[in-house]
Amino acid sequence: MAKGLTKRSVDYSQWYNELVMKADLAENSAVRGCMVIKPYGYAIWEKMQQALDKMFKDTGHQNAYFPLFIPKSYLSKEADHVEGFAKECAVVTHYRLKNDPDGKGVVVDPEAKLEEELIVRPTSETIIWSTYKNWIQSYRDLPIKCNQWANVVRWEMRTRLFLRTAEFLWQEGHTAHATKEEAMEETETMIQVYADFAEKFMGVPVVQGFKTANERFAGALETYTIEALMQDGKALQSGTSHFLGQNFAKAFDVKFAGKEGKEEYVWASSWGVSTRLMGALIMAHSDDYGLVLPPKLAPIQVAIVPIFKSEEDLAKISAVVEPIVAKLKDKGISVKFDDSDNRKPGWKFAQYELQGVPIRLAVGPRDIENNTAEVARRDTLTKEVVSMDDVDGYIAELLDTIQENIYQKALDFRTEKTTEVESYDEFKKVLEEKGGFILAHWDGSSETEQKIKEDTKATIRCIPLDGDKTPGKCMVTGKPSAQRVLFAKAY
RNA sequence: CGGGGUGUAGCGCAGUCCGGUUAGCGCACCUGGUUUGGGACCAGGGGGUCGGGAGUUCGAAUCUCUCCACCCCGACCA
């Protein structure tokens, strides 16, 4: 186990906090609830961004940027929306400071009060739809499919690094369409993009579904979600895509002239994923030795540690390793040859494990003699001695194997932790003793949903799109149920 | 915002109850040497508004008051 890292079995949440800090991903800042994302953590986020950005562009979206500030009056134009966000908004009231008359620092200049307060965006539907109003007159202007990479602020009571911070980074897509069908299709396309990203890049299996009315995004008619299962048996909402109907078009009076010249309100979708994905990535795969990163998102895919006693030894090792580094780079593999002599090999091994580097190569005098290298896998913690002649090809294949293995392991875990229950007693028992996802029948009412939440703290994560659609009877009320829904305790 | 807890070197802590030399320890850091196949060792060295402010006292990390910050449990939460 990594030095000082609390074991998951002892205290999962402490393990998580320590891991985030010890692996150099992020730390708390001087501002309550706001984090500093450190270079290594940000490098992972950048990998995520690159992959997602490409997927967005491949599905016909363009990037744009809208302001950080939203006039207070905009937020209140859509009734559900303002109700959902009002309690966690940061508000700008003044635009100037002045020297403290008492001589200590600066104070807000009371004369510099804004006519209308500005809200620091908690999400951008309102500012974007107020802008779209000017962009849309005719069906010829549609669809508009914009995405923005931005920061948003939600003044959360209790925060945790990556999982819930007062300020976070995300992308938000906002699209405008001529028909309901098209907006709906967009909503579904994007949740599929998110699911693909989670599974293919992050190696995290997700359940796609839609939210109950209670859990829906403020202002949406339908919210699609991807739900991932963490190692402690709790669910993490990892991405959402919302069908907004004509709510925002009506709130901001965005109409277009159709082919027949009739004016109609525009249909909308919005969708987003955030730095919370970092939390999902960390919690889904990592172990008591530290981070485990899927090769596709690892900033360093291969770390090479030379083992040497003298400068001459190092020179010999470098002569052998440099061509390998070049060959790996040619294959698009990111390599770090760590020939620093201020840390011992053992320290480096532990450090790269802590930081989740998928493959580590050790090359020492013994290897030089035998024309070999020691290849260590982070996911299985196993080591193998491989001939230097085809080590680059071996590594390229091994990276794919590791990517696949990490996903399979997470999938097996989820399968094992997903339980179908028939009665409320069984539900409570499974929730208490086993945790994880629970598939059960529910009568579709908010009251029952609320009761379950109050009794057990479990919520309906989603009504799954795929899977068993057999009707049944609600485990609580016995009333008819259209299909099983997915329950879990959530982050 | 309610209940509990903690603030002492970059990090982790002891000292506080019962006021009294120059505020200690481990890790980290710096210098030198020996080391290097799983978090090395020895020697030397640097680093402190004891969370802030006020008070009691000859004397405060220690006692009193007050403010602040953070953590845990609730409440709240795409």
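Because the structure is a prediction, the values reported are computed rather than measured. Sequence lines set the chain letters: A, B, ... in the order given, protein chains first and strands last, and positions in each chain run from 1.
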A.B. asks: Write down the distance between NZ (A:Lys22) and C1' (B:C11), rounded to a whole number of angstrom.
C.D. replies: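 Distance check: A:Lys22 NZ to B:C11 C1' gives 8 Å.
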A.B. asks: Given the C1' atoms of B:G51 and B:G38, what is the spacing between them in whole Å?
C.D. replies: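 Going atom to atom, C1' in each nucleotide, I get 40 Å.
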A.B. asks: Which of residues 149-156 of chain A sit near RNA chain B, with a heavy atom under 4.0 Å from it?
C.D. replies: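 Going residue by residue through residues 149-156 of chain A, the ones with a heavy atom under 4.0 Å of RNA chain B turn out to be A:Arg154, A:Glu156.
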A.B. asks: Tell me what A:Phe85 touches on the nucleic acid: a base, only sugar-phosphate, or nothing, going by heavy atoms under 4.0 Å.
C.D. replies: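 If one applies the 4.0 Å heavy-atom cut-off, A:Phe85 turns out to touch nothing in the nucleic acid.
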A.B. asks: More than 12 heavy atoms of other residues, nucleotides or ligands under 6.0 Å from NZ of A:Lys200: yes or no?
C.D. replies: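 Counting other residues, nucleotides and ligands, NZ of A:Lys200 stays at 12 neighbours or fewer.
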A.B. asks: Restricting to non-hydrogen atoms, name the atom on A:Ala235 and the atom on A:Leu229 that form the minimum distance, rounded to 0.1 Å.
C.D. replies: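 Shortest heavy-atom separation between A:Ala235 and A:Leu229 comes out as N-CD1, 4.4 Å.
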A.B. asks: Between A:Lys344 and B:A40, is there a side-chain N or O to OP1/OP2 distance below 4.0 Å?
C.D. replies: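 Checking B:A40 against A:Lys344, a side-chain N or O does come within under 4.0 Å of OP1 or OP2.
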A.B. asks: Let's test this: given Watson-Crick or G-U wobble pairing with both distances under 3.5 Å, identify the partner of B:C63.
C.D. replies: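 B:G55 - that is the nucleotide pairing with B:C63, both distances being under 3.5 Å.
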A.B. asks: Mark yes when over 12 heavy atoms from residues, nucleotides or ligands other than A:Lys180 sit less than 6.0 Å from its NZ; otherwise mark no.
C.D. replies: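 No, the 6.0 Å shell around NZ holds no more than 12 heavy atoms from other groups.
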A.B. asks: Which whole-number value in Å describes the distance from A:Asn28 CG to B:G7 P?
C.D. replies: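 The answer, rounded to whole Å, is 18 Å.
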A.B. asks: Tell me which of A:Gly346 and A:Ala490 sits closer to the 5' end of RNA chain B, going by the nucleotide each one is nearest to.
C.D. replies: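 With A:Gly346 and A:Ala490 compared, the 5'-side residue is A:Gly346.
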A.B. asks: So what's B:U21 paired with, Watson-Crick or G-U wobble, going by both distances under 3.5 Å?
C.D. replies: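 Answer to the pairing question: none, since B:U21 forms no Watson-Crick or G-U pair.
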A.B. asks: For A:His174 and B:A78, what is the distance between atoms NE2 and P respectively, to the nearest whole Å?
C.D. replies: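 Rounded to the whole Å, the gap is 17 Å.
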A.B. asks: A:Gln351 has a side chain; which of B:G38, B:C77, B:G39 sits nearest to it?
C.D. replies: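 Nearest to the side chain of A:Gln351 among the choices is B:G39.
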A.B. asks: Using the C1' atoms only, state how far B:G46 lies from B:G53, rounded to an integer number of Å.
C.D. replies: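 One C1' to the other, the span is 31 Å.
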A.B. asks: When both hydrogen-bonding distances must be under 3.5 Å and the geometry is Watson-Crick or G-U wobble, what is B:C76 paired with, if anything?
C.D. replies: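 Matched B:C76 with nothing under the 3.5 Å cut-off.
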A.B. asks: By the 4.0 Å heavy-atom rule, please label A:Thr223 as base, sugar-phosphate, or nothing.
C.D. replies: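 No contact.
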A.B. asks: Hunt down the Watson-Crick or G-U wobble partner of B:U6, both distances under 3.5 Å, from any strand shown, or write none.
C.D. replies: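 When the pairing criteria are applied, B:A69 turns out to be the nucleotide that pairs with B:U6.
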A.B. asks: Mind checking the P distance from B:C65 to B:C17? Whole angstroms is fine.
C.D. replies: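 Their P atoms lie roughly 14 Å apart.
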A.B. asks: What contact category does A:Arg160 fall into here, base, sugar-phosphate, or nothing, at under 4.0 angstrom with non-hydrogen atoms?
C.D. replies: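 Counting heavy atoms under 4.0 Å across all strands, no contact is made by A:Arg160.
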A.B. asks: Would you classify A:Lys383 as touching base, sugar-phosphate or nothing, given that sugar-phosphate means primed atoms plus P, OP1 and OP2, and contacts are heavy atoms under 4.0 Å?
C.D. replies: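 Since a base atom lies under 4.0 Å of A:Lys383, the category is base.
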A.B. asks: Would you measure the distance from the C1' atom in B:C72 across to the matching atom in B:U31 and give it in whole Å?
C.D. replies: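 Result for the C1' pair: 43 Å, nearest Å.
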A.B. asks: Rounded to the Å, how far apart are A:Leu277 CG and B:A78 C1'?
C.D. replies: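 Roughly 13 Å, once rounded to whole Å.
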A.B. asks: Looking only at the side chain of A:Arg343 (C-beta and beyond, no hydrogens), which of the listed nucleotides B:G37, B:G38, B:C29 gets closest?
C.D. replies: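 My answer, after comparing the listed nucleotides, is B:C29.
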A.B. asks: Do A:Thr240 side-chain atoms and A:Tyr224 backbone N/O form a donor-acceptor pair below 3.5 Å?
C.D. replies: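 Pair absent, no side-chain N/O of A:Thr240 close to backbone of A:Tyr224.
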A.B. asks: B:G37 phosphate, OP1 or OP2: any side-chain N/O from A:Lys309 under 4.0 angstrom?
C.D. replies: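 No.
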A.B. asks: From B:A78, B:G37, B:C76, pick the nucleotide closest to the side chain of A:Met157?
C.D. replies: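 So the side chain of A:Met157 is nearest to B:C76.
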A.B. asks: In sequence, state the C-alpha distance, the side-chain angles, and the governing distance for A:Phe487 and A:Phe427, and then conclude on ring pair (Phe, Tyr, Trp, His ring centres under 6.0 Å).
C.D. replies: CA-CA 9 Å; A:Phe487 288 90; A:Phe427 177 86; 5.0 Å; yes
A.B. asks: Determine the interatomic distance between C1' on B:C25 and the same-named atom on B:G47; round to the nearest Å.
C.D. replies: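 It works out to 15 Å between them.
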A.B. asks: Given A:His81 and A:Glu83, is the side chain to side chain donor-acceptor pair (under 3.5 Å) satisfied, shown in steps?
C.D. replies: CA-CA 5 Å; A:His81 191 68; A:Glu83 199 187 318; over 6 Å; no
A.B. asks: Distance check, P atoms only: B:U49 and B:A61, in whole angstrom units.
C.D. replies: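 Nearest-Å result for B:U49 against B:A61 at atom P: 13 Å.
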A.B. asks: Counting only Watson-Crick or G-U wobble pairs whose two distances fall under 3.5 Å, which nucleotide matches B:G44?
C.D. replies: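 Answer to the pairing question: B:C30, which forms a Watson-Crick or G-U pair with B:G44.
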A.B. asks: Does A:Arg360 qualify as a cation-pi partner of A:Phe349, given the criterion of NZ or CZ under 6.0 Å from the six-membered ring centre and within 45 degrees of its axis?
C.D. replies: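 Yes, A:Arg360 lies over the aromatic ring of A:Phe349.
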A.B. asks: With no hydrogens and no angle check, is any side-chain donor or acceptor of A:Arg216 less than 3.5 Å from a backbone partner on A:Leu221?
C.D. replies: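 Yes, the answer is positive, given that a donor and an acceptor are paired below the 3.5 Å cut-off.
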A.B. asks: Contact class for A:Pro122 vs. all strands (heavy atom < 4.0 Å): base, sugar-phosphate, or nothing?
C.D. replies: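 Answer is nothing: A:Pro122 stays at 4.0 Å or more from every strand.
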A.B. asks: Testing A:Leu118, A:Ile127, A:Val120 one by one against A:Ile70 for a side-chain contact (heavy atoms from CB on, under 4.5 Å), which residue passes?
C.D. replies: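 Testing each of A:Leu118, A:Ile127, A:Val120 against A:Ile70, the sole residue satisfying side-chain contact (heavy atoms from CB on, under 4.5 Å) is A:Ile127.
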A.B. asks: Which atom names give the shortest non-hydrogen contact between A:Cys34 and A:Ala166, and what distance separates them?
C.D. replies: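 Of all heavy-atom pairs spanning A:Cys34 and A:Ala166, the closest is SG-CB, 4.1 Å.
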A.B. asks: If you check the A:Arg158 side chain, which of B:A78, B:A75, B:G38 turns out closest?
C.D. replies: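 Side chain of A:Arg158 sits closest to B:A75.
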A.B. asks: Which part of the nucleic acid, if any, lies within reach of A:Tyr352 when heavy atoms closer than 4.0 Å are counted: base, sugar-phosphate only, or nothing?
C.D. replies: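 The residue A:Tyr352 makes no contact with any strand.
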A.B. asks: Which of these nucleotides, B:G38, B:A78, B:C76, is closest to any side-chain atom of A:Trp170?
C.D. replies: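 Per side-chain heavy atoms of A:Trp170, the pick is B:A78.
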A.B. asks: Please determine, for the side chain of A:Ala350, which listed nucleotide (B:G39, B:C76, B:A40) has the closest atom?
C.D. replies: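 Of B:G39, B:C76, B:A40, B:G39 is nearest to the side chain of A:Ala350.
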A.B. asks: As a test of reading the structure: which of B:C77, B:G37, B:G39 is closest to the side chain of A:Trp347, going by heavy atoms?
C.D. replies: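 Among the listed nucleotides, the one closest to the side chain of A:Trp347 is B:G39.
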A.B. asks: For the P atoms, the ones on B:C70 and on B:U34, what distance do you get once it is rounded to whole angstrom?
C.D. replies: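 B:C70 and B:U34 have their P atoms separated by 49 Å.
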A.B. asks: Would you mind telling me which of B:G38, B:G37, B:C76 lies closest to the side-chain atoms of A:Glu374?
C.D. replies: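 For the A:Glu374 side chain, the nearest candidate turns out to be B:G37.
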A.B. asks: Using the six-membered ring of A:Tyr40, assess whether NZ or CZ of A:Lys38 lies under 6.0 Å from its centre and within 45 degrees of the ring axis.
C.D. replies: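 Because its charged atom misses either the 6.0 Å distance or the 45° angle limit, A:Lys38 does not stack over A:Tyr40.
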A.B. asks: Between A:Phe349 (CZ) and B:G38 (P), how many Å, whole number?
C.D. replies: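 About 7 Å, once rounded to whole Å.
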A.B. asks: Taking the same atom, C1', in B:G10 and in B:C29, what whole-Å distance lies between them?
C.D. replies: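 After rounding to an integer number of Å, I get 9 Å for this pair.
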A.B. asks: Counting any heavy atom closer than 4.0 Å, what does A:Asp367 reach on the DNA or RNA strands: base, sugar-phosphate only, or nothing?
C.D. replies: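 Base, at least one base heavy atom under 4.0 Å.
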A.B. asks: Closest-nucleotide mapping onto RNA chain B: is A:Arg360 or A:Gly84 further toward the 5' terminus? I mean the 5' end.
C.D. replies: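 In this pair, the answer is A:Arg360.
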A.B. asks: For A:Arg164 and B:A78, what is the distance between atoms CZ and P respectively, to the nearest whole Å?
C.D. replies: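 Rounding to the nearest Å, CZ of A:Arg164 and P of B:A78 are 8 Å apart.
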A.B. asks: How close or far is atom P of B:A78 from atom CZ of A:Arg461, stated in whole angstroms?
C.D. replies: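 Atom-to-atom, A:Arg461 to B:A78, this comes out as 10 Å.
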A.B. asks: Of the nucleotides B:C72, B:C77, B:A78, which one has an atom closest to the side chain of A:Asn17?
C.D. replies: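 The listed nucleotide nearest to A:Asn17's side chain is B:C72.
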A.B. asks: Let me know the distance between CG of A:Leu221 and C1' of B:A78, rounded to the nearest Å.
C.D. replies: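 Rounded to the whole Å, the gap is 16 Å.
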